[in-house]
Amino acid sequence: MTIYDSVQKTKREFIPQESGKASLYVCGPTVYDDAHLGHAKSALVFDLLTRVLKAEGYDVTYARNITDIDDKIINKASQSGKKIKEITDFYTDAYHEEMGKLGVTKPNIEPKATESLEAMFELIQRLLDNKHAYKTADGDVYFDTLSDSEYLKLSHRVQNEDEKLQRVESSAQKKNSADFALWKSVKDGSVTFDSPFGAGRPGWHLECSAMIEKHLAQPNKKFAVDIHGGGADLLFPHHENEAAQTRCATSHSLANYWMHNGFVNIDGEKMSKSLGNSFFLKDALKIYDGEVLRFYLLSTHYRSNFNFNEDDLLSSKKRLDKIYRVKKRLFGLSSENVKTPFKDELLKVLGDDLNVSASLALIDEMITSANETLDTSGKHKELKRDTLSNLAFTEDVLGFGVKNPYEYFQFGVNEETKAKINTLIMQRDEAKKAKDFATSDKLRDEILAFGVSLMDTAAGTFWERV
RNA sequence: GGUGCCAUCGCCAAGUGGUAAGGCCGCAGCCUGCAAAGCUGCUAUCCCCAGUUCAAAUCUGGGUGGCACCUCCA
């Protein structure tokens, strides 16, 4: 497959370091608040990537971290009076639950910062030993950006000379304004971790480098991982700094391929707390089926910025509905795995840097063609078999159409309402049989008032939530 | 100010040199007791200007208009 490498800024054929295996590391959430649509987008994109890699036959090792040491977490703890772990556990659980609803497959490895401190210490020590890091009088440890000739090559940034040579006269005692903390000394008695460098907290960038070394990297390889992913905003400074640390502390570079997903905006504006327009997943999931959100968020190319908009979401839902309607037409038939041209084509377009749009066009064509044939009389045994197999493949690779179709269409309708609707449908059927259309139409209006639509089919009358 | 990205039908959105995928909406028809669903048909020459080429939405230059990063951020 080909992958757009956001560092080389070009599409590159994916060639893993170890034949048949692919390693992927993605920056996960800092668990101090509810996950929003942006977190969902990132998780979905890399979930899709792992699914496609697996479908192409790769043995994928996928790691996504949980940042559970962070100033924001500590602030939240001191403000709320709750314990750190109470907060991080709560948001970690919530994250897992919400991602599950979006159909995001769990990573193979999900390291936490608090469980990776030893690896961080080791990395810091190596950087101190080889003079890529220094201690300040305050007890902080900084990475010396001037010591790394490759610094800023990743993000293609230029630092002007004045800025570069500017000595920072603050209490931090940084040599250079671009230097970043590997270890922050904390003396006020608040949350600290013991380390060979004194009590304090690790720098954010260090986490990822350390976890990659600990869980994924093989020392004799040129790159620590095949692919490193994350949100577009992480390229600088986060990934730049990660790459610098790994490059200077180990014998290999951090990643061979870099992938960055675009941002999610709400009605044209960036989500932010100051604008008060953050769309949290927990709220979105109350209104929309998780799979609808999955479909919508993945419907645009991962590198583009995504503008979340309710009208577009509804048109995405209608598209997903079509998958479920054909599933309904074939419901209950046993499926078998057969080779079809559709599968090859689907994998081909998804293998082109995850061209989801092209894959959706293929799915729509496949469904239309199946419906067209099913509309004509006949058994169509082979078509049914192939369509079921195609749908199963779509479920595996894209995660679309994984639910029971009847339950999908009844999302958000409570049992009491379902019972009422079913009673009314039975009454309407009797009226229809008696050709009492005035009554049956009146009953239909009553049913439609529940916010559902009705479909009379050969197999009976079905309803869907509108 | 520095760096970079983008501009395709009413809306969403593929396509990076050979003559515009797909979806939503809309219109017409088939089907239906009537609907709904499904199916069929119809709907763009690709922001502007100049250039390269036998050939450009796709390459180059200029312009206009959006956006992102440069501070924590998916």
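In what follows, chains are A, B, ... by sequence order, proteins preceding strands, each numbered from 1. Just so we're clear, the structure is a prediction, and the values are computed from it rather than from any experiment.
- Taking side-chain N and O atoms only, A:T457 has no distance below 4.0 Å to OP1 or OP2 of B:A36.
- Comparing A:R325 and A:P29 by the nucleotide of RNA chain B whose heavy atom lies nearest to each, the residue mapping closer to the 5' end is A:R325.
- By the 5.5 Å and 30° criteria, A:F263 is stacked with the base of B:A74.
- Using a 4.0 Å heavy-atom cutoff across all strands shown, A:K318 reaches sugar-phosphate atoms only and no base atom.
- Under a cut-off of 6.0 angstrom, the local environment of CD in A:E13 is crowded, with over 12 non-hydrogen atoms contributed by other residues, nucleotides or ligands.
- Note on A:K322: every side-chain N or O is 4.0 Å or more away from OP1 and OP2 of B:A37.
- With a cut-off of 3.5 Å on both Watson-Crick or G-U wobble distances, the partner of B:A28 is given as B:U40.
- Contact annotation for A:D364: backbone-only contact, meaning every heavy-atom pair under 4.0 Å involves sugar-phosphate atoms and none involves a base.
- Between A:K9 and the phosphate of B:C5, there is no side-chain N or O to OP1/OP2 separation shorter than 4.0 Å.
- Out of B:A74, B:G22, B:A14, the shortest distance to the side chain of A:S304 is found at B:A14.
- Nucleotides B:C39 and B:U32 place their C1' atoms 13 Å apart, quoted to the nearest Å.
- Taking every side-chain heavy atom of A:A361 into account, B:G22 is the closest of B:C39, B:C70, B:G22.
- Taking atom CD1 of residue A:I367 and atom P of nucleotide B:U40, one finds them 13 Å apart after rounding to whole Å.
- Between B:G62 and B:A74, the distance separating the two C1' atoms is 37 Å to the nearest Å.
- A donor and an acceptor atom sit less than 3.5 Å apart, one in the side chain of A:D441 and one in the base of B:G33.
- Listed nucleotides: B:C72, B:G22, B:A74. Nearest to the side chain of A:E365: B:G22.
- Picking from B:C72, B:C39, B:A74 the nucleotide with the shortest atom distance to the side chain of A:D375 gives B:C39.
- Salt-bridge check for A:K317 with A:D321: passed, with a basic side-chain N closer than 4.0 Å to an acidic carboxylate O.
- The distance from atom CD of A:E464 to atom C1' of B:A35 is 14 Å, rounded to the nearest whole Å.
- Picking from B:C24, B:A14, B:A37 the nucleotide with the shortest atom distance to the side chain of A:M455 gives B:A37.
- Residues A:D70 and A:T30 bring no donor and acceptor atom of their side chains to less than 3.5 Å of each other.
- Residue contacts shown for A:V26 are absent, as no nucleic acid heavy atom lies under 4.0 Å away.
- Taking the C1' atoms as reference points, B:C49 lies 23 Å from B:C54, given to the whole Å.
- On the C1' atoms, B:U45 is 43 Å away from B:C34, given to the nearest whole Å.
- Applying the side-chain contact (heavy atoms from CB on, under 4.5 Å) test between A:F143 and each of A:L182, A:I124, A:D179 identifies A:L182 as the sole match.
- Counting non-hydrogen atoms of other residues, nucleotides and ligands closer than 6.0 Å to CD of A:E446 gives a total above 12.
- In this structure, A:F295 places its CZ atom 11 Å from P of B:G23, rounding to the nearest Å.
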Does the side-chain contact (heavy atoms from CB on, under 4.5 Å) test come out yes or no for A:V356 and A:L350, once each step is laid out? CA-CA 6 Å; A:V356 178; A:L350 287 172; 4.2 Å; yes

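- For A:R444 against B:A36, a side-chain-to-base donor-acceptor contact under 3.5 Å is absent.
- Of the two residues contacting RNA chain B, namely A:L454 and A:G230, the nearest-nucleotide position lying further toward the 5' end is that of A:L454.
- Atom NE2 of A:H36 and atom P of B:C72 are 16 Å apart (whole Å).
- If you take NE2 of A:H239 and P of B:A74, they are 10 Å apart, rounded to a whole angstrom.
- Checked against B:G38, B:A14, B:C72, the side chain of A:P237 finds its nearest nucleotide in B:C72.
- Computed from coordinates, the A:E310 CD to B:C12 P distance equals 16 Å when rounded to whole Å.
- Here the P atom of nucleotide B:U32 and the NZ atom of A:K435 are 12 Å apart, to the nearest Å.
- Among the protein residues, A:G231 comes within range of the sugar-phosphate backbone only, with heavy atoms under 4.0 Å from sugar or phosphate atoms but none that close to a base.
- For the P atom pair drawn from B:C27 and B:U8, the interatomic distance equals 26 Å after rounding to whole Å.
- Atom name P, nucleotides B:G61 and B:U3: the rounded distance is 15 Å, in whole Å.
- Base pairing annotation: B:G65 forms a Watson-Crick or G-U wobble pair with B:C6, both donor-acceptor distances under 3.5 Å.
- Applying side-chain contact (heavy atoms from CB on, under 4.5 Å) to A:Q410 and the options A:K418, A:R465, A:E464 leaves one that passes, A:K418.
- In this structure, of B:G15, B:C12, B:G33, it is B:G33 that holds the atom nearest to the side chain of A:K432.
- Residue contacts shown for A:F462 are absent, as no nucleic acid heavy atom lies under 4.0 Å away.
- On a pure distance criterion of 3.5 Å, no polar donor-acceptor pair joins the side chain of A:R303 and the base of B:C5.
- Rounded to whole Å, the distance from CG on A:D34 to P on B:A74 is 13 Å.
- Taking the six-membered ring wherever Trp is involved, the centroid distance between the rings of A:Y257 and A:F14 falls below 6.0 Å.
- Residue A:S357 is classed as a base contact, given a heavy-atom separation below 4.0 Å to a base.
- In this structure, the nucleotide among B:G33, B:C25, B:A14 sitting nearest to the side chain of A:S440 is B:G33.
- Comparing the P positions of B:G63 and B:A20 gives an interatomic distance of 31 Å, to the nearest angstrom.
- Between A:H96 and A:I66, the shortest heavy-atom contact is NE2-CD1, 4.5 Å.
- Residue A:R319 is in base contact, counting any heavy-atom pair closer than 4.0 Å across all strands shown.
- Smallest separation of non-hydrogen atoms from A:L298 and A:L398: CD1-O, 4.5 Å.
- Dashed line: the shortest gap from a side-chain N or O of A:R157 to OP1 or OP2 of B:C69 is not under 4.0 Å.
- At a threshold of 4.0 angstrom between heavy atoms, the contacts of A:D456 include nucleobase atoms, whether or not backbone atoms are also involved.
- Of the C1' atoms belonging to B:G51 and B:G15, the separation is 24 Å, rounded to the nearest Å.
- Nearest nucleotide to the side chain of A:S42, out of B:A36, B:A74, B:U40: B:A74.
- Regarding contacts with the backbone of B:C67, every side-chain N or O of A:N265 stays at 4.0 angstrom or more from both OP1 and OP2.
- OP1 or OP2 of B:C39 has at least one side-chain nitrogen or oxygen of A:N371 nearer than 4.0 Å.
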